[in-house]
Amino acid sequence: GAGVSQSPSNKVTEKGKDVELRCDPISGHTALYWYRQSLGQGLEFLIYFQGNSAPDKSGLPSDRFSAERTGGSVSTLTIQRTQQEDSAVYLCASSLGAQETQYFGPGTRLLVL
Amino acid sequence: AQSVSQHNHHVILSEAASLELGCNYSYGGTVNLFWYVQYPGQHLQLLLKYFSGDPLVKGIKGFEAEFIKSKFSFNLRKPSVQWSDTAEYFCALKGGGSYIPTFGRGTSLIVHP
């Protein structure tokens with residue numbers, strides 16, 4: 001199992017509820033990215049982690065979005081008080097370093113009713 | 001700011017036809033350019049990349065792309081497509097040593113057998 005994994009693969013939630021999305025990067029990869037892909041759109045950068053450095057949160061669309069990365073490995077993206085416009089596929093990618101090839105996970109498809 | 005434009009959102013071809021997908025970017029400095037592919041039901045994966053050197057880059061499965069600095073372009077080409085090339089193709093840019101890529105909106109390619 002050498003690839004990036006994400007869970008759940010699908011998530012349906014009601015407007016106003018909180019959701020947590022998980023990403024397991026490739027072992028040894030120090031860089032981890034979260035993206036959002038809405039229907040018919042490209043990938044929208046959300047947040048970037050590199051080693052023990054402070055994350056780059058410049059892509060987070062609102063303060064309802066947050067992410068953490070524990071022990072330099074697993075990352076969790078949390079969306080609080082979900083809105084219908086949060087419906088999208090959330091993709092995680094990892095790489096050996098910031099300038100190395102990114103490897104993507106299968107994504108979590110989030111639907112907010 | 002950096003941006004990527006993919007003008008063809010949907011392309012339909014017959015097998016053996018030649019392919020060229022357009023990608024234009026906006027950034028005034030040094031660039032790293034990428035093409036990613038997402039086959040139906042699969043993860044997004046790197047097709048090819050340009051960092052420096054020969055502007056004609058060859059990737060997997062017979063794809064190639066040419067970086068033309070004067071035109072701010074990085075078009076993807078394949079001389080003879082196959083049904084298995086049916087996928088979504090994304091162009092991406094990292095400008096000036098940035099570690100955060102900007103993606104285009106993607107081009108959906110359908111190849112009829």
Side-chain angles (χ1 to χ4, degrees), chain A residues 1-7 9-10 23-26 29-61 67 69 88-109, chain B residues 1-11 21-27 29-52 57 59-60 74 76 87-109:
Chain A
V4 177
S5 61
Q6 292 185 245
S7 60
S9 53
N10 292 281
C23 172
D24 283 88
I26 293 173
H29 281 194
T30 60
L32 188 147
Y33 301 76
W34 282 99
Y35 298 91
R36 178 169 69 177
Q37 184 178 21
S38 303
L39 191 62
Q41 302 294 317
L43 277 68
E44 174 190 3
F45 165 75
L46 297 177
I47 188 169
Y48 164 75
F49 295 90
Q50 173 58 54
N52 295 321
S53 303
D56 182 334
K57 305 178 182 180
S58 60
L60 294 179
R69 189 178 184 191
V89 176
Y90 290 82
L91 292 170
C92 175
S94 71
S95 62
L96 274 172
Q99 298 300 339
E100 301 296 325
T101 297
Q102 293 186 30
Y103 293 85
F104 283 82
T108 293
R109 188 175 299 274
Chain B
Q2 56 192 41
S3 66
V4 176
S5 295
Q6 292 181 245
H7 305 295
N8 312 105
H9 298 306
H10 300 280
V11 174
L21 301 183
C23 174
N24 287 90
Y25 66 90
S26 175
Y27 188 78
T30 304
V31 295
N32 295 334
L33 294 158
F34 309 82
W35 275 99
Y36 286 86
V37 60
Q38 187 168 27
Y39 297 104
Q42 296 188 26
H43 305 188
L44 201 65
Q45 59 183 289
L46 183 69
L47 200 54
L48 49 80
K49 62 184 178 183
Y50 170 80
F51 274 25
S52 63
V57 179
I60 61 173
F74 190 58
L76 181 71
E88 191 90 13
Y89 293 82
F90 294 91
C91 183
L93 157 75
K94 283 187 188 180
S98 170
Y99 44 78
I100 299 173
T102 298
F103 285 81
R105 292 179 63 178
T107 297
S108 173
L109 172 66

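Values below: all heavy atoms of this structure, side chains included; hydrogens, waters and symmetry mates excluded. From a predicted model like this one, the values you see are computed outputs, not experimental measurements.
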Q) Between atom SG of C92(A) and atom NE2 of H43(B), what is the distance when rounded to the nearest 0.5 Å? A) 11.0 Å
Q) With only heavy atoms counted, which part of Y103(A) is less than 4.5 Å from chain B, the side chain, the backbone, both or neither? A) neither
**Q.** Nearest non-hydrogen partners of K94(B) and E100(A), listed with the distance
**A.** NZ-O, 4.4 Å
Q: To the nearest 0.5 angstrom, please state how far the CG atom of L44(B) sits from the CG atom of L91(A).
A: 7.0 Å
Q: Kindly indicate whether the side chain of P101(B), heavy atoms from C-beta on, has any atom under 4.5 Å from the side chain of Y33(A).
A: yes
Q: Using the six-membered ring wherever Trp is involved, compare the ring planes of F104(A) and Y36(B) and label them parallel, tilted or perpendicular (cut-offs 30° and 60°).
A: perpendicular
Q. By a 4.5 Å heavy-atom criterion (distance strictly below it), what part of S108(B) contacts chain A: side chain, backbone, both, or neither?
A. neither
**Q.** Which portion of Q50(A) sits near chain B, non-hydrogen atoms under 4.5 angstrom
**A.** neither
Q: Assess whether atom CD1 of I60(B) is packed by more than 12 heavy atoms of other residues, nucleotides or ligands within 6.0 Å.
A: yes
Q | Point-to-point distance, once rounded to the nearest 0.5 Å, from CD of Q38(B) to CG of L43(A) | A | 8.0 Å
